[in-house]
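Chain naming here is simple, since letters A, B, ... match the order of the sequence lines and numbering starts at 1 in each.
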Amino acid sequence: MFSFITSNLLEWYSNHARQLPWREDPTPYRVWISEIMSQQTQVNTVIPYFQRWMERFPTVEDVAKASLQDVLLVWEGLGYYQRARNIHRAAQKIMTEHNGKLPANVQALKSLPGIGKYSASAIASIAFGLDEAALDGNIRRVLSRLFDISDPINTAAGEKRLWQLAQDQLPSRIAGTYNQALMELGALVCTPRSPHCTQCPLSQFCQARLLGVQEQRPIKITKSTIPHITVTAAIIEKQDYVLITRRPMNGLLGGMWEFPGGKMQDGEDLNSCLEREIKEELGISISINQPFGVYHHAYTHYRVTLHAFLCTLVNGDKPKPLQVENLRWSKISELSNYPMGKIDRQIAKELLKQL
DNA sequence: GAGGCGTGGCG
DNA sequence: TCGCCAAGCCT
């Protein structure tokens, strides 16, 4: 009834599937959150975030009723913050348009913010038992090796071929288990580097291994190297308070709070950069008093070296949100109430230590 | 449809 | 230190 490949895969999965919190009670809501959190993120990273999320937001309604600020706080550290903003919006849509329950079909799932082709298929198959093929990074890699696909996977042609393959291979009635088994195999055995072929239940069927090219699959067109930029940030102090600003809702770290500043331009030094940025964003002049720290961080598209300075306002200037979503004077002890990215949270923690 | 979007781990 | 990679989606 099943192919040999499917039989071997399912047998392996029944013995090696990890116990994951969302697998213990795979309700549509829990599967949805687990899938969004798992986008571009390894399972071991997701687990504690998933647990905290479910404690804080046990139901779709709890998410829908929460403020975006609270949603981002729970998400802080997980990255790709648009995912959190999309979950928030989707939860409200589910309340108003779907009676508080996730819709049980791919098309309606895909119309929710943050749910694309993969996630819709994954939720449909895992949570609702529908016969939907899913194609994620793991399955792309496994299929590329199993069938020795030499088309680059990040092209339209390669993509089309893999989706077709995933659909052709899909067994009926057990798509959810099958999809998870393929992903689990990719995560644990058929790994990107140094795949554990001797432990693989599919090695006898693997055409890439037969040819000894498993480490060259999948083929991916690589992009150019990422730039390195220098940025400055101002820790503007006033008695027990510091000034923080909220980033615009779209783009990098959208909706997160930070210490204001920005990118250094050609011909600038650190001080002139910081003075200009603060003037542009807040319409005020500052006195840059002393260096606070230097921070290195790698984002997806560039590396950053950030120089933070302790500053004070000059004369009676009142900061205005000219180029920021919002601004706030926060007590240092209350900075943990504001969602921040990695670097700014580091700065906030350092400030708290020095109190 | 090509590029933007976080963070952590690993060789 | 550096590049790559990880259960993708959106514009």
What's [X] touching, base or sugar-phosphate or nothing? Going by heavy atoms closer than 4.0 Å.
{"X": "Gly77(A)", "value": "sugar-phosphate"}
{"X": "Trp75(A)", "value": "nothing"}
{"X": "Leu253(A)", "value": "sugar-phosphate"}
{"X": "Val43(A)", "value": "base"}
{"X": "Thr45(A)", "value": "nothing"}
{"X": "Gly251(A)", "value": "sugar-phosphate"}
{"X": "Ala134(A)", "value": "nothing"}
{"X": "Leu20(A)", "value": "base"}
{"X": "Arg89(A)", "value": "nothing"}
{"X": "Arg141(A)", "value": "sugar-phosphate"}
{"X": "Ile226(A)", "value": "nothing"}

Please state how far atom [atom1] in [X] lies from atom [atom2] in [N], giving the value in whole angstrom units.
{"X": "Tyr81(A)", "N": "dG8(C)", "atom1": "OH", "atom2": "P", "answer": "18 Å"}
{"X": "Ile47(A)", "N": "dA7(C)", "atom1": "CD1", "atom2": "C1'", "answer": "13 Å"}
{"X": "Asp344(A)", "N": "dG6(B)", "atom1": "CG", "atom2": "C1'", "answer": "13 Å"}
{"X": "Tyr49(A)", "N": "dG6(B)", "atom1": "OH", "atom2": "P", "answer": "13 Å"}
{"X": "Asn250(A)", "N": "dG4(B)", "atom1": "CG", "atom2": "C1'", "answer": "11 Å"}
{"X": "Leu109(A)", "N": "dC9(C)", "atom1": "CG", "atom2": "P", "answer": "12 Å"}
{"X": "Ile115(A)", "N": "dA7(C)", "atom1": "CD1", "atom2": "P", "answer": "19 Å"}
{"X": "Asn86(A)", "N": "dG8(C)", "atom1": "CG", "atom2": "C1'", "answer": "11 Å"}

Which nucleotide in the set [options] lies at the smallest distance from any side-chain heavy atom of [X]?
{"X": "Tyr118(A)", "options": "dG8(C), dG1(B), dG6(B)", "value": "dG8(C)"}
{"X": "Arg193(A)", "options": "dT7(B), dA7(C), dG9(B)", "value": "dG9(B)"}
{"X": "Ala187(A)", "options": "dC10(C), dA7(C), dT7(B)", "value": "dA7(C)"}
{"X": "Asp136(A)", "options": "dG6(B), dA6(C), dG8(C)", "value": "dG8(C)"}
{"X": "Gln40(A)", "options": "dA7(C), dG8(C), dC5(B)", "value": "dG8(C)"}

Any [X] side-chain nitrogen or oxygen under 4.0 Å from OP1 or OP2 of [N]:
{"X": "His297(A)", "N": "dT7(B)", "result": "yes"}
{"X": "Gln39(A)", "N": "dA7(C)", "result": "no"}
{"X": "Arg83(A)", "N": "dG6(B)", "result": "no"}
{"X": "His301(A)", "N": "dG4(B)", "result": "yes"}
{"X": "Ser119(A)", "N": "dA7(C)", "result": "no"}
{"X": "Tyr80(A)", "N": "dG4(B)", "result": "no"}
{"X": "Lys342(A)", "N": "dG8(B)", "result": "yes"}
{"X": "Arg303(A)", "N": "dT1(C)", "result": "no"}

Please state the [atom1] separation for the pair [N] and [M] - nearest whole angstrom.
{"N": "dG6(B)", "M": "dC2(C)", "atom1": "P", "result": "22 Å"}
{"N": "dG1(B)", "M": "dC9(C)", "atom1": "C1'", "result": "14 Å"}
{"N": "dG3(B)", "M": "dA7(C)", "atom1": "P", "result": "23 Å"}

field: Worked verdict on Lys331(A) versus Asp240(A) for salt bridge (Lys or Arg N to Asp or Glu O under 4.0 Å)
entry: CA-CA 6 Å; Lys331(A) 281 190 179 176; Asp240(A) 298 342; 5.7 Å; no

query: According to the interplanar angle, ranging from 0 to 90°, do the rings of Trp75(A) and Trp53(A) count as parallel (below 30°), tilted (30 to 60°) or perpendicular (above 60°)?
result: perpendicular

query: Do the rings of His297(A) and Tyr299(A) sit parallel, tilted or perpendicular, given the 30° and 60° boundaries?
result: perpendicular

- prompt: Mapping Leu112(A) and Ser38(A) onto DNA chain C by nearest heavy atom, which one lands closer to the 5' end?
  reply: Ser38(A)

field: Pairing partner (Watson-Crick or G-U wobble, both distances under 3.5 angstrom) of dG8(C)
entry: dC5(B)

query: Has the side chain of Thr41(A) got a donor or acceptor that lies under 3.5 Å from a partner of the other kind on the base of dG6(B)?
result: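 Side chain to base: pair found, below 3.5 Å.
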
task: Test for a donor-acceptor pair under 3.5 Å between the base of dG4(B) and the side chain of Thr300(A), counting only N and O atoms.
output: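 Donor-acceptor pair under 3.5 Å: no.
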
- request: Mind listing the closest non-hydrogen atom pair of Ser121(A) and Glu132(A) along with its distance?
  value: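 That closest heavy-atom pairing would be O-CB, 3.9 Å.
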
query: Which heavy atom in Ala84(A) sits nearest to a heavy atom in Leu72(A), and how many Å separate them?
result: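 Closest approach of Ala84(A) to Leu72(A), heavy atoms only: CB-CD2, 3.9 Å.
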
task: Validate the cation-pi geometry between Arg83(A) and Tyr80(A): distance from NZ or CZ to the six-membered ring centre under 6.0 Å, angle to the ring axis within 45°.
output: no

query: Can you tell me if CD on Gln354(A) sees more than 12 non-hydrogen neighbours from other groups inside 6.0 Å?
result: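 Yes, enclosed.
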
message: Using side-chain heavy atoms (C-beta onward) and a distance below 4.5 Å, is Lys101(A) in contact with Asn99(A)?
response: no

